[in-house]
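Chain naming here is simple, since letters A, B, ... match the order of the sequence lines and numbering starts at 1 in each.
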Amino acid sequence: MNGGLDERALIGALSTGDLMPESAGAAIEEQRPPDASPSGSATRSPAAESVRGEGEFLEVSLGPHHPSTHGVFRVDVVLDGERVVRLKPVFGYLHRNHEKLGERGSYLAAMPYTDRLDYFCSLTNNWAYALAVEKLAGLEVPERAEYIRVIAAELTRVQNHACLIGFLLQEAGAMGTPIMYAFREREKVLDLFESLTGARMMCNYFRFGGCRCDLPPGWIEQCRRVVAELPRFLDEFENLLATNEILMARTQGVGVLSAALAVNAGVTGPNLRASGVNYDLRKADRYGIYDRFKFRVPLGAHGDVYDRYMIRVLEMRESVAILDQALAGIPEGPILNPRSRLRSFRPRAGEAYGRLEAPKGELGFYLISDGSGSPYRYRIRPPSFINLTVLEDLCVGRLLQDAIVILGGIDIVMGEVDR
Amino acid sequence: MVEAIDQVFVNLKHAVVGWAPPAWQAWVSAGLTVAALMGVFMSLFALVVLLERKGLGRIQNRPGPNRVGPWGLLQPMADFIKMLTKEDVVPAGADRVVHFLAPVAMVAPVLLAYAVLPVGRNMAAVDLDAGVLYFFAVGACIELSVFMAGWAGRNKFALLGAMRAIAQMISYELPLMLAAVPAVMLAGTLSLGGIVEAQAVPAGGWLARWHVLTPWGLAGLALFTIAALAEANRSPFDLPEGESEIVAGHLVEYSGFKYALFFIGEYLGMFAVSGLGITLFLGGWRSPASFLDWVPSYLWFFAKLGGFVALFIWLRGTLPRVRGDQLMALAWKLLVPMALLNIAVAAGWHYSAGWSFAGAWLARWGLGLGILGLGYGALARGLYESQGFGPRVYRFAD
Amino acid sequence: MSRGVRLVGLGIVKGLIETARNFIGSYRDPRRLVTVEYPEVRLPPVERARTFPMLVYDGADPEAGLRCVACKICEKECPPQCIYIEADRDARGRVLKRPRVFDVDCSVCMGCQICAEVCPFDAIKMNTEYELAVADRFGGLLLRKSQLVRSTEYHRTVHPQEAVEIDAQVAQARARAEAKARAGGGG
Amino acid sequence: MEPLDLIRERLGAAVPGAAIEVVPNPAVAEQSSLRVDPGHAVAVARVLRDEAFWQFDYCSNVTGVDWPEAILREPVRLRRLINGVEREVVSIVERRRPGCLEVVYHLYSMRLGHGPLILRQRTDNRVDQVRVASLTPVWRSAEFQEREVYDLFGVVFEGHPDLRRILMWEGFQDHPMRKDYVEPDDYEYEPTPHDDVLVKARRHYPVGGGG
């Protein structure tokens, strides 16, 4: 090795890939899976440089009590200096065996529990469960209820993406400012939910075959006012940080996820579309009445954290477009299928798998019914749990700071991961 | 009358020293100065902590602390009492002596640094000939205390924080000094009082000859501020205390009054470095123009200090944190070359002082800014574009 | 340059301008200072807001006017099973249409309003009180019937539209019952 | 997507020796499924993923289902002679269904946009032979979900790169999602004073639990 070793040893703790000019040391072939290396950036892949042999690794466990793990979630990280060598997520701290609870009570009793799955998007959870049960029992949903479902889901998507952007930038170091702007807008959306369903986050609003109660008078005007103000908030966010050099340096080329690995690992939602795969259930599955609205699906080209951030900002703009069309076209009429029974609801024996495009990805409910009042098997396909499959592939070889930003970019909520 | 207000503290001190018996006079004068400096800067610390929380609050659409006292004025008092009453937990595996000495080693050098800072007209505690050298020598001790804190806690996050602090502070010591070199060179003296004298209003003219009013001064102040941010571990460079990554960095094993000491050390360090920046580039306690001389000199100093603190708070409310290797790349590949270029431009400025043809002033400015701008463009573009960073255009599928 | 000459550092300045606009705006523009300072200023009550259940009674006397007939539908349908009802019995042990014990365990109840939804007699509705802190975690959070009972006037203040509809229905039902009784008595 | 029987023939041809049968689904959603024997599951899965006209490149959902031993009573129509007259009689036939653990895979194709194709694998019984082939080598999305089925149902996946408990802690013995799982009574339980909860609490906290 060249003479610069002692000097690098001093700063070796930061073992930076591109600090020193090309050192003469033999570049040892990296041991990481080939498709996870950062394709975009021109620097040498950091992992190869950090193999120095002497000095053992530092084993740190991030979480479950850690400021940026989005809830009780632990990651066992093996560090070489500050570079991640191995990263094993540990789940189960918020495990309540939600599926056993679902099988104990009636179909209706499981509905309020779905609010607590992904507690940021209770209305899309309710809709996913109602969708699965309607597919199981063959219930149609009246026109007005379909419109209310689309409006509620798109409002949920907007406030969920706003929260995610706030958390991601908080983890990149912008202390408090972006998250406060995001929560200021989220409060308005939550007030809408409270006047519609009675609760801000635990709505428990959809029933099998429609909604529980109709829109209160004046709700649509209030909703129109809130939706009219969203673009101003999105412009403010793009001015604040989208072109900020420090943020671009922190997120571009970080945690690059190739399209092939994304599809194979079952990553869905904005993370998948950031890698360039055009798969949005609202377009692919044609559930609800999404085919009546004109909206576009943003696709990323690099699949890094910056793309995931920008895809969510662009998706919020598309949701605003859908909301405008839905609020304009909502008809009068019944909000609950008269055939749907509230209490002793007994679908015929059989099974059904219903899924929809939740803000975090594909949320699916798989129900097996044996004709009795409670589901025989009640299974939830959680998007954030499966999106975490690729966490290790994205983080190995990068700095600890990158691992935190990558985790923030994937957008997980522990209620849904641990169920 | 104006002279009296300006020198009121100096005369007060002479009066009090006069009462003391001659044998004790030296001690009393030293004691008074130390007490005055400590009192002023500690209360400034309390005020700035409150202003920071209110400023950040207002940036984030919330009123900031307003429950303790009118407009939250007693909030620093409440924080101080809380810090005193909080239990001081020392981890079992900690190296007790080093754990105890770390906060002391943090605050002591910073207070020493105030000895040379000219707060007002002949109000510098000690007017050393090598004031700038002394300042940097004392300022360099902070790294030691941060590393002691990180190492003593025997906590993995603290160790990571300490290693980051060492790398960051050592790397940014160099651009800090190189940014100060042109000011010292042009003023011809290392003593801070001398530098402030060099920026006085010239005999005939009305505008003060501050260093910042020259191309190399402007660039020097910018470089100095960025390096000062990194020295004080402030906003875009708060890696050693990366809250969202390594919990609280080297401070993770401190609570109670030791944590408060670190807090005080950080803020006083920030004031000291911005005080030096003011003295080197913004004319210390001098007023910008002769007709404004009636304002007391110390008010000018603290007004400029307020400006620096407001800038620090503003940056903290906006910018995300820089990554470890980019922090290094910024120091070695941008700030150090720019500082060297700045010295060259300062030399050019000095030797072109003789040009007397029409538009000489404009030509000198154009030349200076041109060279600096080209240097910055090449370096920043090289550092930044090579990584492929930049805004992106997204395609849509319908 | 591929993306045009962009001065590196422009994005940071744009961000700073944005925060400055918010800082100055927070003194002038009400939209930029949204904090509601809780104890002094409170959010306006929302028609459908809900925290924990309450038992509604007509008229003045909570015992006599209680609408609940102890049919235990809500106890069966409650997802976390936090309602406990014991029907009242008269001297000879026959079951009466009145609950003797009606407990709601607030440490278990999640305020999902399914009990209010399934109750055929509109006897149990959702309250909106949220200042319910108690010292004793076990006994304190178990609300007895006496603590759950609220009058229709209170219900009218808490859920105005809903209360008006229900009062109309109850009045109609009572009128029909009396008419039938009179017709039965008369016939 | 073609009807299941056509897929069954093609798969049978593509993977010789694989025992594939169609499991009907009486519900309205008519999402019937294909049952595959664990021996050939990986080969079938690879064919389904790589074959040009199928391309099931996305395994959306992996679910464990517990079918304990049960006596099924099914109404069957019989033609029987009753006092000389041939008449149709509906009688209940009891059939013993052996207990087994089942793993259900929902496959979709992102590229061609069709799905769901549902694959089922069943274990021999619920006690010792609980082995099933893991499809993680074919679809990485099954990795965490198979670990969850192993953790909550006790199905052992052969060929899984990292089969450990994912939701419960290492020391946990039982499999909570099985139908015959008895909730342990010893873990720290918050006593709320009414009916069976009260009884359970009294056993734990003889002194406490007022009301």
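- Within a 6.0 Å radius of CZ in R317(A), more than 12 heavy atoms belonging to other residues, nucleotides or ligands are found.
- The part of Q170(A) that comes within reach of chain B is its backbone (N, CA, C, O), which places non-hydrogen atoms under 4.5 angstrom from that chain.
- The minimum heavy-atom distance between I59(B) and Y181(A), with the atom names listed, is O-OH, 2.9 Å.
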Residue pair K156(B), E82(A): steps toward the salt bridge (charged side-chain N to carboxylate O under 4.0 Å, His left out) verdict: CA-CA 11 Å; K156(B) 290 177 181 138; E82(A) 280 226 18; over 6 Å; no

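- Between the NE2 atom in H302(A) and the CZ atom in R392(B) there is a gap of 4.0 Å [rounded to 0.5 Å].
- The two residues L62(A) and E245(B) make their nearest non-hydrogen contact at CD2-O, 4.4 Å.
- Note that CG of L241(A) is 8.0 Å distant from OG1 of T318(B), once rounded to the nearest 0.5 Å.
- R184(A) touches chain B through its side chain: at least one heavy atom from C-beta onward sits under 4.5 Å away, while N, CA, C and O do not.
- Closest approach of P236(B) to I246(A), counting heavy atoms only: CB-CD1, 4.0 Å.
- Interface summary for chain B: among R273(A), E59(A), R250(A), the most heavy-atom pairs under 4.5 angstrom belong to R250(A).
- Between R316(B) atom CZ and M175(A) atom CE the span is 7.5 Å, to the nearest 0.5 Å.
- At least one donor-acceptor pair under 3.5 Å links the side chain of T177(A) to the backbone N or O of G317(B).
- Counting only distance, with no hydrogens or angles, the side chain of R321(B) and the backbone of A174(A) share no donor-acceptor pair below 3.5 Å.
- Here the closest non-hydrogen pair linking A172(A) and P320(B) is O-CB, 3.5 Å.
- Here the closest heavy-atom approach between residue S244(B) and residue E171(A) is recorded as OG-O, 2.9 Å.
- The contact between Y306(A) and chain B is made by backbone and side chain atoms together, counting heavy-atom distances below 4.5 Å.
- L247(A) touches chain B through backbone and side chain together, each having a heavy atom under 4.5 Å away.
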Stepwise side-chain contact (heavy atoms from CB on, under 4.5 Å) test for L160(B) and L58(A): CA-CA 10 Å; L160(B) 285 177; L58(A) 181 72; 4.1 Å; yes

Test log, rule salt bridge (charged side-chain N to carboxylate O under 4.0 Å, His left out), inputs R83(A) and D325(B): CA-CA 11 Å; R83(A) 212 155 282 288; D325(B) 53 337; 5.2 Å; no

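- Annotation: the span from Q326(B) atom CD to E245(A) atom CD amounts to 12.0 Å, rounded to 0.5 Å.
- The structure places CZ of R395(B) at 4.5 Å from CG of L299(A), a figure rounded to the nearest 0.5 Å.
- The contact between L314(A) and chain B is made entirely by side chain atoms (from C-beta outward), counting heavy-atom distances below 4.5 Å.
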Candidate pair V60(A) and F157(B), rule side-chain contact (heavy atoms from CB on, under 4.5 Å), full reasoning: CA-CA 8 Å; V60(A) 178; F157(B) 289 138; 3.4 Å; yes

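- Both the backbone and the side chain of D307(A) come within less than 4.5 Å of a heavy atom in chain B.
- Atom CZ of R323(B) sits about 9.5 Å away from atom OG1 of T251(A), to the nearest 0.5 Å.
- Side chains of Q401(A) and I246(B) form no contact here, defined as non-hydrogen atoms less than 4.5 Å apart.
- Most heavy-atom pairs under 4.5 Å with chain B, from the set A242(A), A249(A), A301(A), G300(A): that is A249(A).
- Counting heavy-atom pairs closer than 4.5 Å to chain A, the top residue among L330(B), L319(B), V247(B) is L319(B).
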